[in-house]
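Only this structure's heavy atoms are used, side chains among them; waters, hydrogens and symmetry mates stay out. A note on names: the letters A, B, ... follow the listed sequences, proteins ahead of strands, and every chain is numbered from 1.
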There are 2 protein chains.
Amino acid sequence: MVGGGQLARMTQPAAVALGVRLKVLAAAPDESAAQVVNDPVIGDEKALADLRAFAAGCDVLTFDHEHVPPAWLEALEADGVLVRPGSAALLHAQDKGVMRSRLTALGVPCPRWSIVAGPDEVAAFGTDVVLKTTRGGYDGKGVWLVSADTPAEVVEEPFKAGVPVLAEERVDFRRELSAVVARSPHGQAVAYPVVESVQRDGICVEVVAPAPGLSPDLASEAQGLALTVAAALDVVGVLAVELFETTDGRLLVNELAMRPHNSGHWSIDGAVTSQFENHLRAVLDLPLGSPVARAPYAVMVNLLGGDLPEVYSTYRHIMARDPELKVHWYGKGVRPGRKVGHVTAYGADLESLRERAWHAADYIRGDIDE
Amino acid sequence: MVGGGQLARMTQPAAVALGVRLKVLAAAPDESAAQVVNDPVIGDEKALADLRAFAAGCDVLTFDHEHVPPAWLEALEADGVLVRPGSAALLHAQDKGVMRSRLTALGVPCPRWSIVAGPDEVAAFGTDVVLKTTRGGYDGKGVWLVSADTPAEVVEEPFKAGVPVLAEERVDFRRELSAVVARSPHGQAVAYPVVESVQRDGICVEVVAPAPGLSPDLASEAQGLALTVAAALDVVGVLAVELFETTDGRLLVNELAMRPHNSGHWSIDGAVTSQFENHLRAVLDLPLGSPVARAPYAVMVNLLGGDLPEVYSTYRHIMARDPELKVHWYGKGVRPGRKVGHVTAYGADLESLRERAWHAADYIRGDIDE
């Protein structure tokens with residue numbers, strides 16, 4: 001797996017169980033995933049030579065993020081490396097313009113969109129607009145919300161990045177959803193329960209599985225969209241489709257990710273097969289595991305760094321207060337707003353689950369002290 | 001953790017989630033656990049120098065087996081190493097004579113027993129007798145069943161090992177049970193549901209959690225015995241107490257293990273907190289997690305090597321047939337009768353769970369081919 005972050009880290013337990021060796025290409029020896037695998041390879045995922053050397057020791061190459069340059073992925077495939085998902089599929093997760101074009105061609109519902117060359121075209125496109133660099137954004141970066149009274153210099157910002165800019169109509173949404181599926185090379189696929197995803201400042205903070213009150217029809221439609229996209233793009237591994245549920249009850253696709261996704265972390269403790277295990281099964285061309293939920297609800301809350309310099313001292317309180325809470329720490333240094341872990345509470349009483357999970361998150365951020 | 005076998009391997013997923021670094025002292029770089037941890041230390045757990053060097057890099061020392069010589073454990077403790085469980089406790093898992101004496105003194109029910117010096121004392125002890133070397137046995141080794149017509153040279157076998165021999169009356173048991181508990185340094189303890197354990201040729205082959213038809217009184221008694229022993233011996237970490245349920249419905253303690261145990265593997269998929277996670281929490285003096293079962297039944301069946309040279313090719317069949325079966329492979333080379341993994345099926349229909357789990361075990365052993 002290229003990448004040494006928490007997504008690769010959380011893949012290791014599945015690798016341990018499946019009896020497969022997870023090798024990781026990490027930027028530094030103390031990165032989240034490098035801490036937990038045998039013999040992590042330290043290198044630069046943007047350097048083709050490092051990628052080639054890494055791939056030489058692997059049977060299959062997969063990813064913890066979408067930052068490997070498309071040209072390098074194609075070079076690896078030309079070398080004969082088994083890249084899963086493949087470069088053609090991954091391009092749709094790396095380039096939002098390519099993604100929008102393809103989804104529209106497939107008839108998959110999207111917000112109204114257009115590639116825009118500059119502020120004049122933005123104004124012509126609409127009033128409340130989301131501008132995104134077509135490449136390079138994540139966790140809220142590379143995204144600008146502009147409206148009629150946005151200062152001109154702000155509207156010019158996205159165009160300084162040197163990549164094409166995508167404009168999308170700002171969607172009036174009731175909430176955000178995520179449909180996660182896994183697909184194997186020969187087309188078998190499984191769909192996880194559709195979840196509700198709550199963002200703050202562009203970062204996911206909470207996920208509820210399944211999305212409360214989601215009609216069976218809308219849930220089916222969301223899963224169907226994800227399965228359609230996965231098949232059409234020949235995605236191998238996990239595909240996460242982030243969606244808007246509009247105020248008038250329609251679904252629009254927001255973003256795609258082709259790797260285990262924050263909106264699927266609940267599945268480690270809350271589903272029969274975690275998204276990490278199914279990602280491995282899929283890229284290794286093994287039969288997929290059941291995505292069924294094990295409890296009526298699972299609530300995941302991200303643990304974001306706050307004022308506390310470290311978090312280990314908070315473990316006692318969090319664990320003592322709640323012996324059923326599942327904690328996942330990423331072994332990362334604490335920085336304000338940084339994802340340092342997550343907690344999952346599962347059971348039947350949704351409000352209680354949310355209270356428990358949020359208490360832990362607030363405590364480790366230092367916002368509360370009991 | 002001293003030891004590189006599958007118990008250490010299965011501890012790694014819990015270490016990943018808890019954000020703690022699991023270091024392993026393994027005999028070889030390709031040992032089960034060495035494959036899945038960062039920077040395994042290769043050395044000899046029977047050599048004090050190797051143990052000291054290993055311990056120097058650890059905050060807490062714990063174990064995947066009971067083979068570290070007691071004198072070395074005491075030396076490490078004298079060095080100031082945090083050894084958990086401690087040497088005094090571990091002696092009761094390493095020396096069956098010490099264990100029997102202590103349990104008897106505690107009023108914990110045991111089979112009738114005696115240390116015997118030779119075949120004459122065996123004959124004086126009884127007719128149907130189990131002979132055990134007091135040190136060094138596991139998975140059926142170091143155990144002899146003798147009766148009136150056992151040839152003399154067989155009765156002499158145990159005495160050639162050079163360690164004291166324990167004689168126990170052969171128990172007429174209905175079945176074997178196991179009570180697994182976890183205890184932390186300040187005395188907090190949790191007790192897992194009491195399980196039924198099925199042995200063949202001295203090796204555990206199947207575990208059913210909870211033991212079907214076990215009366216609440218007997219279950220409480222079994223858990224109580226385990227908690228009593230853990231407290232009296234000051235065990236830190238997991239303690240597994242293997243018990244006989246006699247034909248007249250009494251409990252007798254058979255063996256003790258002070259580490260995660262085969263009878264607790266079901267807890268990875270079947271309990272809120274796995275025995276591995278609770279072992280880590282306990283030895284790190286963190287609050288323990290809930291031991292509650294997540295499904296009405298969980299059935300674990302060991303995967304023992306058979307005629308097939310490797311098992312990876314069996315994955316497809318096993319996983320395709322049963323998307324809800326949880327598979328755990330230990331990364332070990334296949335040898336006939338060797339534990340190479342286990343499968344767990346959980347749900348409500350016990351007979352169905354047993355059929356599913358056994359099918360997988362029979363298939364990988366090569367006993368069936370569809």
Any non-hydrogen side-chain atom of L18(B) less than 4.5 Å from a side-chain atom of M319(A)?
yes
Is any residue of residues 180-192 of chain B within less than 4.5 Å of chain A by heavy atoms, and which ones?
none
Heavy-atom check, side chain of V37(B) versus side chain of V36(A), under 4.5 Å
no
Measure Q12(A) against the heavy atoms of chain B and call it side chain, backbone, both or neither at under 4.5 Å.
side chain
Contact class of L325(B) relative to chain A, heavy atoms under 4.5 angstrom
backbone
V272(B) side chain near Y346(A) side chain, heavy-atom distance below 4.5 Å
yes
pair P323(A)-T273(B): side-chain heavy atoms closer than 4.5 Å
no
Heavy-atom distance under 4.5 Å to chain B: side chain of A14(A), backbone, both or neither?
neither
Under 4.5 Å from any heavy atom of chain B - which part of K326(A):
side chain
Using a heavy-atom cutoff of under 4.5 Å, enumerate the residues of residues 353-361 of chain A that contact chain B, numbered in order, or state 'none'.
none
Counting only non-hydrogen atoms closer than 4.5 Å, does A34(A) touch chain B with its backbone (N, CA, C, O), its side chain (CB onward), both, or neither?
backbone
Considering only heavy atoms, which portion of R21(A) lies under 4.5 Å from any heavy atom of chain B: side chain, backbone, both, or neither?
side chain
Do any of residues 276-289 of chain A have a heavy atom less than 4.5 Å from a heavy atom of chain B, and if so, which, in residue order?
E277(A), R281(A), L284(A), D285(A), L286(A), P287(A), L288(A), G289(A)
Could you pull out every donor-acceptor pair under 3.5 Å between side chains of residues 298-306 of chain A and any protein atom, sequence neighbours left out?
unit_1	atom_1	unit_2	atom_2	d
N302(A)	OD1	N262(A)	ND2	3.2
N302(A)	ND2	C204(A)	O	2.6
N302(A)	ND2	N262(A)	OD1	2.8

